[in-house]
Amino acid sequence: MPVTAASLERAALDSAVREIAAEMADRPDRGTVASYIPELAEVDPGRFALVVIDADGHVAAGGDSEAPFSIQSISKVFTLTLALGMAGDRLWAKVGREPSGSPFNSIVQLENEKGIPRNPFINAGAIAVTDLILARRQPREALGEILRFLQFLSDDTSIVIDAAVAASEQRTGFRNAALANYMRSFGVLENPVDFTLGVYFHHCAIAMSCRQLAQAGRFLAHLGANPATGMRVVSPERARRINAIMLTCGHYDGSGEFAYRVGLPGKSGVGGGILAVAPGKASVAVWSPGLDAAGNSHLGRIALEKLTRRMGWSIFGT
Ligand code: GLN
């Protein structure tokens with residue numbers, strides 16, 4: 001095979017992913033696994049995976065790249081995409097798009113702002129987005145739509161909801177119930193609160209591997225379309241805007257630190273996953289279950305920082 005700039009770049013990517021995954025597997029500082037959802041507390045903090053899919057569709061994978069994990073709040077990128085498709089800019093009457101500077105499950109901010117959540121990625125905002133998707137239908141219809149959307153984006157119909165994780169959160173999600181009831185009192189939620197919460201808990205409990213997640217994120221890295229098929233998911237403008245919200249709000253009150261260190265739009269989940277987007281270059285998924293104080297994957301962020309440094313991928317310059 002001739003040596004081209006593209007093949008050199010691909011070799012550099014392969015070795016970066018391999019070396020970062022090996023380094024992360026050995027690190028003793030792994031953060032703390034989320035315990036407020038009992039089922040997530042059972043996950044082994046020693047797990048790690050990193051998958052990068054470049055613009056040509058080349059997959060660079062390290063660690064447990066095929067192991068499914070609970071995507072949790074990463075699902076909020078996809079529910080936002082779906083809800084914008086259904087409601088367009090009407091969505092912004094119910095949810096803001098400013099960073100919150102507060103924990104992902106903050107209650108006090110919602111009262112100050114009269115039941116309108118700061119952004120679609122904190123819990124209150126994502127619950128409001130879920131309510132829009134539900135649109136007076138039966139919960140199972142809305143949930144089926146969300147799951148099928150992820151299966152379509154990943155080109156993989158084996159993706160399922162982890163019923164044990166959903167049940168675990170449904171049993172213990174009192175704070176999310178408080179947020180939802182509070183928003184209902186302002187008319188921000190329009191469906192029965194139990195229905196909206198049921199769909200929310202279940203979409204957070206979707207289980208995916210890093211490979212499936214990186215595949216699902218490709219449209220965000222490539223102007224709204226999957227470069228492999230040319231299939232358009234959203235307009236280039238909408239992809240750009242979703243990326244902007246991921247950059248500013250995707251890591252809650254750790255978003256500034258993530259931008260500073262990694263420099264890519266990214267969305268974390270308390271299952272320890274992060275989906276990150278290098279516009280025009282790659283879609284990246286990382287998983288390490290231990291979290292930092294803001295509820296974001298500790299080693300996931302460190303791995304992404306190393307990757308973007310090595311590849312020169314920060315959107316703010318190399
Ligand atoms: N399902 C989780 C919750 O509602 C999602 C939170 C997260 O991933 N940050 O608390």
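Whatever order the structure lists them in is the order used to number ligands and atoms, beginning at 1.
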Is the cationic atom of Lys267 (NZ for Lys, CZ for Arg) positioned less than 6.0 Å from the six-membered ring centroid of Phe121 and within 45 degrees of its normal?
-> yes
Considering only protein heavy atoms, which is closest to atom 3 (C) of ligand 1, and at what distance to one decimal place?
-> Glu169 OE2, 3.0 Å
Identity and distance of the protein heavy atom lying nearest atom 10 (O) of ligand 1 | Tyr36 OH, 2.5 Å
Would you say the side chain of [Y] lies within less than 4.5 Å of the side chain of [X], judging by non-hydrogen atoms?
| X | Y | answer |
| --- | --- | --- |
| Ile242 | Leu220 | yes |
| Pro120 | Trp92 | yes |
| Leu84 | Val234 | no |

Structural part of [X] in contact with ligand 1, heavy atom criterion under 4.0 angstrom:
| X | answer |
| --- | --- |
| Arg175 | neither |
| Tyr252 | side chain |
| Ser73 | both |
| Asn123 | side chain |

Sub-4.0 Å atoms of ligand 1 with respect to non-hydrogen atoms of [X]:
| X | answer |
| --- | --- |
| Cys204 | 1 (N) |
| Asn176 | 3 (C), 4 (O), 10 (O) |
| Gln72 | 1 (N), 2 (C), 5 (C), 8 (O) |
| Gly269 | 8 (O) |

Compute the ring centroids of Tyr200 and His203, then answer whether they are less than 6.0 Å apart.
-> yes
What pair of heavy atoms forms the shortest contact from Ser70 to Cys204, and how long is it?
-> OG-O, 3.6 Å
Contact check: Lys76 vs ligand 1, nitrogen or oxygen atoms, below 3.5 angstrom | no
Would one find an N or O of Ile37, backbone or side chain, under 3.5 Å from an N or O of ligand 1?
-> no
Work out whether the distance between some heavy atom of Tyr200 and some atom of ligand 1 is less than 4.0 Å.
-> yes
Examine distances only and state if a side-chain atom of Asp54 and a backbone atom of Ala282 form a donor-acceptor pair shorter than 3.5 Å.
-> no
Using a strict cut-off of less than 4.0 Å between a Lys/Arg side-chain nitrogen and an Asp/Glu carboxylate oxygen, indicate whether Asp156 and Arg211 qualify as a salt bridge.
-> no
Interatomic distance, Met208 atom CE to Ser154 atom OG [nearest 0.5 angstrom] | 3.5 Å
